[in-house]
Amino acid sequence: MDLVARCRAGDVEAFETLYREHAARLYTLACRMAGSREDGEDLLQEIFLQAHRKLGSFKDDSSIGTWLDRLALNHCLDYVRSRRAKMNKLTDTLDAETSFEPTARRDTPIARMDLERAVERLPEGCREAFVLHDVEGFDHKEVADLLGIAEGTSKSQVFKARMKLRGFLRGK
């Protein structure tokens with residue numbers, strides 16, 4: 001019996017295996033989309049609760065990993081849209097950020113941590129478009145569709161995010 005069938009049959013150990021195999025990747029996505037590790041942890045829990053509830057609707061025409069990726073991305077986008085609606089934030093407030101001092105060369109683990117922290121500091125709209133385009137590999141049309149924005153806005157937000165990241169990482 002395969003892992004998904006075992007999960008559907010209520011096998012707790014099978015679901016734990018599913019979690020262990022996919023949680024790290026989905027946690028990274030959730031943190032990047034949410035902008036913080038704490039919100040990413042909450043989102044990850046919600047994603048797997050939703051996966052557990054919806055596992056019956058999984059069709060074997062794709063891999064369970066692909067299905068979980070899509071479920072996670074949709075959940076993160078719902079979270080971002082909900083938060084955006086509640087806070088009614090503008091996404092183009094790029095100059096309101098404080099300075100950032102890099103502490104290491106680019107190719108070190110510390111530099112990667114600096115980059116992660118810099119991405120977390122991006123304004124919401126720029127961060128979402130940047131993560132979806134530059135990190136997750138979606139093209140601008142897909143980013144626009146996922147975020148409910150124009151394709152030109154996606155391009156602009158990614159460009160602004162890159163400029164802001166350069167400033168953060170150069171210590172400006």
Side-chain angles (χ1 to χ4, degrees), residues 19-20 22-51 65-172:
Y19 179 88
R20 280 193 307 275
H22 300 280
R25 183 182 75 258
L26 299 179
Y27 173 69
T28 300
L29 171 68
C31 289
R32 287 178 174 152
M33 291 298 290
S36 77
R37 288 176 178 84
E38 295 80 19
D39 289 340
E41 289 171 10
D42 291 343
L43 281 171
L44 183 66
Q45 289 179 4
E46 293 169 14
I47 289 163
F48 274 97
L49 283 172
Q50 188 175 32
T66 300
W67 182 79
L68 283 169
D69 289 344
R70 194 65 184 158
L71 184 92
L73 181 58
N74 286 338
H75 191 75
C76 289
L77 289 171
D78 288 345
Y79 168 81
V80 166
R81 287 180 191 128
S82 169
R83 184 177 63 189
R84 183 182 295 143
K86 288 177 189 169
M87 298 175 77
N88 195 18
K89 288 177 103 177
L90 296 175
T91 60
D92 59 352
T93 56
L94 293 171
D95 296 324
E97 304 295 327
T98 59
S99 66
F100 181 81
E101 306 248 346
T103 58
R105 294 185 348 251
R106 291 179 185 214
D107 58 346
T108 66
I110 292 173
R112 285 190 294 277
M113 288 173 30
D114 288 344
L115 178 60
E116 287 291 327
R117 281 194 295 264
V119 168
E120 288 175 5
R121 294 179 58 215
L122 288 171
E124 188 175 294
C126 292
R127 182 180 61 248
E128 295 160 7
F130 175 81
V131 168
L132 290 173
H133 184 269
D134 284 10
V135 178
E136 297 297 324
F138 290 97
D139 65 33
H140 285 293
K141 179 164 183 10
E142 292 170 316
V143 172
D145 291 343
L146 288 167
L147 296 178
I149 59 177
E151 189 173 343
T153 303
S154 170
K155 291 176 183 178
S156 172
Q157 294 288 20
V158 170
F159 176 78
K160 288 175 185 178
R162 290 174 183 162
M163 294 296 107
K164 199 66 173 168
L165 286 172
R166 283 186 190 123
F168 290 157
L169 296 173
R170 288 184 181 148
K172 292 182 179 176

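Closest approach of A129 to S154, counting heavy atoms only: CB-O, 4.2 Å. Taking each heavy atom of R127 and A34 in turn, the nearest pair found is NH2-O, 3.4 Å. In terms of heavy-atom proximity, A72 sits nearest to L29 at CB-CD2, 4.2 Å. The minimum heavy-atom distance linking A30 with C76 is given by the pair CA-SG, 3.7 Å. What you find for V158 and F130 is that their closest heavy atoms are CG2-N, 4.0 Å.
Looking only at side-chain heavy atoms (C-beta outward), D69 and E136 stay at 4.5 Å or farther from each other. Side-chain contact check for L77 versus L132: some heavy-atom pair is nearer than 4.5 Å. By the 4.5 Å heavy-atom criterion applied to side chains, H133 and Q157 are not counted as neighbours.
Distance NZ/K155 to NZ/K160: 15.0 Å, rounded to 0.5 Å. Atom-to-atom distance recorded for R37:CZ and T28:OG1 is 9.5 Å, nearest 0.5 angstrom. For the atom pair CZ of F168 and CD of E120, the computed distance is 11.5 Å after rounding to the nearest 0.5 Å. Summarising the geometry, atom NE2 belonging to H140 is positioned 10.0 Å from atom OG belonging to S156; distances are rounded to the nearest 0.5 Å. Taken from CE in M163 to CZ in R166, the straight-line distance is 3.5 Å, to the nearest 0.5 Å.
No more than 12 heavy atoms of other residues, nucleotides or ligands sit less than 6.0 Å from atom OH of Y19.
By the salt bridge (Lys or Arg N to Asp or Glu O under 4.0 Å) test, R70 is found to be paired with no residue, residues two or more places apart in sequence or in another chain being considered. Under the rule for a salt bridge (Lys or Arg N to Asp or Glu O under 4.0 Å), the partners of D134 that lie at least two apart in sequence or sit in another chain are R162.
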task = May I have the step-by-step check of side chain to side chain contact (heavy atoms under 4.5 Å, CB included) for L26 and F48, ending in yes or no?
result = CA-CA 10 Å; L26 299 179; F48 274 97; 3.9 Å; yes
inquiry  = Before you tell me yes or no, could you show the steps for L73 and F138 under side chain to side chain contact (heavy atoms under 4.5 Å, CB included), namely the whole-Å CA-CA distance, both residues' side-chain angles and the distance that decides it to 0.1 Å?
reply    = CA-CA 12 Å; L73 181 58; F138 290 97; 3.4 Å; yes
Can I get a per-line list of side-chain donor-acceptor pairs under 3.5 Å for residues 38-47, giving both atom names and the distance, sequence neighbours left out?
residue: D39; atom: OD2; partner: S36; partner atom: OG; Å: 3.3
residue: D39; atom: OD2; partner: Y79; partner atom: OH; Å: 3.1
residue: E46; atom: OE1; partner: H75; partner atom: NE2; Å: 2.8

